[in-house]
Amino acid sequence: MSQPLSNFQVRDAEALLHPYTDAVALRAHGAQIIERGEGVRVFDQSGRSYIEAMSGLWCAGLGFGNAELVEAARAQLEKLPYYHLFSAKSHETAIELGEKLKAMVPGQMARVFFQSSGSEANDTQIKLAWYMNNALGRPRKKTFISRKKAYHGTTLATASLTGLTGNHTDFDLPMPGIRHLSTPHYWKEAEAGESEDAFVARLAAEFEALIEAEGAETIAAFIAEPVMGAGGAIVPPMGYFPAMSAIAEKHDILTISDEVICGFGRTGEWFGAETVGYRPTSLSMAKQLTAGFVPLSAVAINGEMAEAIEANSGRIGMFGHGFTYGGHPVGCAVALKALEIYERLDMPRVVQARSPRFAGHLKSFEGHPLVGEGRSLGLMGALELAPEGRRTGFAAPGEVGAKMLSELRERGIIARAVVDSIVFCPAMTITEAELDEIFAAVGPSLDATLDWAKAEGHL
Ligand code: PLP
């Protein structure tokens, strides 16, 4: 029997349509209403505390309280609370952040373009590629290549790049002109007896075959997250990105690194592309750019793209794209402060120091009858729930994952279930003791879920 809903839960269900939520179930069970945050923890209205083992939505990399970020926002609100970058206007904070990002990102990036969300950043990537290819006199070079289980956002175009059926069903998506390659998840997708190298070679051959079938002159870009986040924290084999980059380069196809989750230390280097050997021609950044405190996203493009796009804007008379809040002064000020903090702490090194303990905890559950794989890179990872470790998964996908999530919540841990992958992405500043606290709850949660799964006939 579920508890009667609180007044707030009733008001919530009456007032709000929630993203990624079963609205019918919400009316029965109510939302979990979070009131405040402190360190790696959040507190609900009854005062109960939870370790937020997902940094919210992979973004609160410095946790849920930071006086320096608050002060940066306050000072900017007082000095210049709003301005924009349209029609040849600018402001100092955006200029400084643009310079800073150019210096930080891998590759020789020439220009930075601001938005507010990860979806807007990736939507911008599509428009930039199309605009550039029209400018270069190759109007057929428009197709985008993504991967199954990729997550690139939820606008019409970026939900189409996203390779998850839940983002397509009944939205009449994906749009034409988008292709999805296989997911580079060795544990789940490799054929019997296939080595990791052979798996990579097969995925690279799939990419080449698609280019050959459609013609390189029709393909604009390959877009990829270094580690697939919302698809289930899927870590590719380390040979995958060098192989995919080489093919894209050979065929003059742009390589976009979606760093919306992986950027700013999360994988143990400043950017995920550096960790996995991906050579991008442009990057999308958001989330940890401001430590999640205020919305801001950015795209960085290389010199060739910048030159073609800027020249075309001269011919047309403008670059007709932009968002009212792209480069918002408060977002830029908070981002500058977040980057200063990351640099002061040497965040990649902090993540490298913490990640063996994180990885060890995840791996330690691989012998559990409900766990197939414990995987991670840096401080993002997942436990893949599977009946007796079988790669085929459960007959009713997602039910065991949902039960595991509620068991963790009962024990004071907020994680996320992507079907039956239980995903963790704690604040990068989490202590070893706090990591241990998360995983001390995982064992009993798995055991309770196993008992339930047996009783319900999932095994
Ligand atoms: N790209 C990646 C890799 C993401 O994980 C997300 C969101 O989780 C997005 C893009 C979309 O970002 P937003 O929700 O800010 O539009």
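First listed ligand is number 1; within each ligand, the first listed atom is number 1. Every heavy atom of this structure was used, including side-chain atoms; hydrogens, water molecules and symmetry mates were not.
Centroid-to-centroid, the aromatic rings of F424 and H361 stay 6.0 Å apart or farther. Outside the 6.0 Å centre-distance limit, the rings of Y240 and F199 are not counted as a close aromatic pair. If you look at Y325 and F114, their ring centroids are not closer than 6.0 Å. No close placement of the F43 and F64 rings is indicated, their centers lying 6.0 Å or farther apart.
I261 CD1, 3.1 Å is the protein heavy atom nearest to atom 5 (O) of ligand 1. Looking at atom 2 (C) of ligand 1, its nearest protein heavy atom turns out to be Y151 O, 3.3 Å. Counting protein heavy atoms only, atom 12 (O) of ligand 1 is closest to G118 CA, 3.3 Å. Protein heavy atom at the shortest distance from atom 1 (N) of ligand 1 is D258 OD2, 2.7 Å.
Remark: the backbone N or O of M54 is paired with a side-chain donor or acceptor of E52 at under 3.5 angstrom. No side-chain donor-acceptor contact under 3.5 Å links S55 to the backbone of C59. With hydrogens and angles disregarded, a donor-acceptor distance shorter than 3.5 Å links the side chain of T155 to the backbone of T158. Checked by atom type and distance alone, the side chain of E274 pairs as donor or acceptor with a backbone atom of F271 at under 3.5 Å.
With a 4.0 Å heavy-atom cut-off, ligand 1 is reached by the backbone of H152 but not by any atom from C-beta on. With a heavy-atom cut-off of 4.0 Å, T158 does not touch ligand 1 at all.
In the vicinity of E225, heavy-atom distances shorter than 4.0 Å reach the ligand 1 atoms 3 (C). Within ligand 1, counting atoms from 1 as listed, the ones closer than 4.0 Å to a heavy atom of N122 are 1 (N), 10 (C). Annotation for ligand 1: atoms under 4.0 Å from non-hydrogen atoms of S117 are 15 (O), 16 (O). Every atom of ligand 1 with a heavy atom of V260 under 4.0 Å away is listed here by number and element: 1 (N), 2 (C), 3 (C), 4 (C), 6 (C), 9 (C), 10 (C).
In this structure, K287 has a heavy atom closer than 4.0 Å to ligand 1. Assignment of L57 to the shell around ligand 1 is not supported, since no heavy atom sits closer than 4.0 Å.
When only interatomic distances are considered, the shortest N/O to N/O separation between S119 and ligand 1 falls below 3.5 Å.
By the 30° and 60° cut-offs, the orientation of the rings of F86 relative to H84 is perpendicular.
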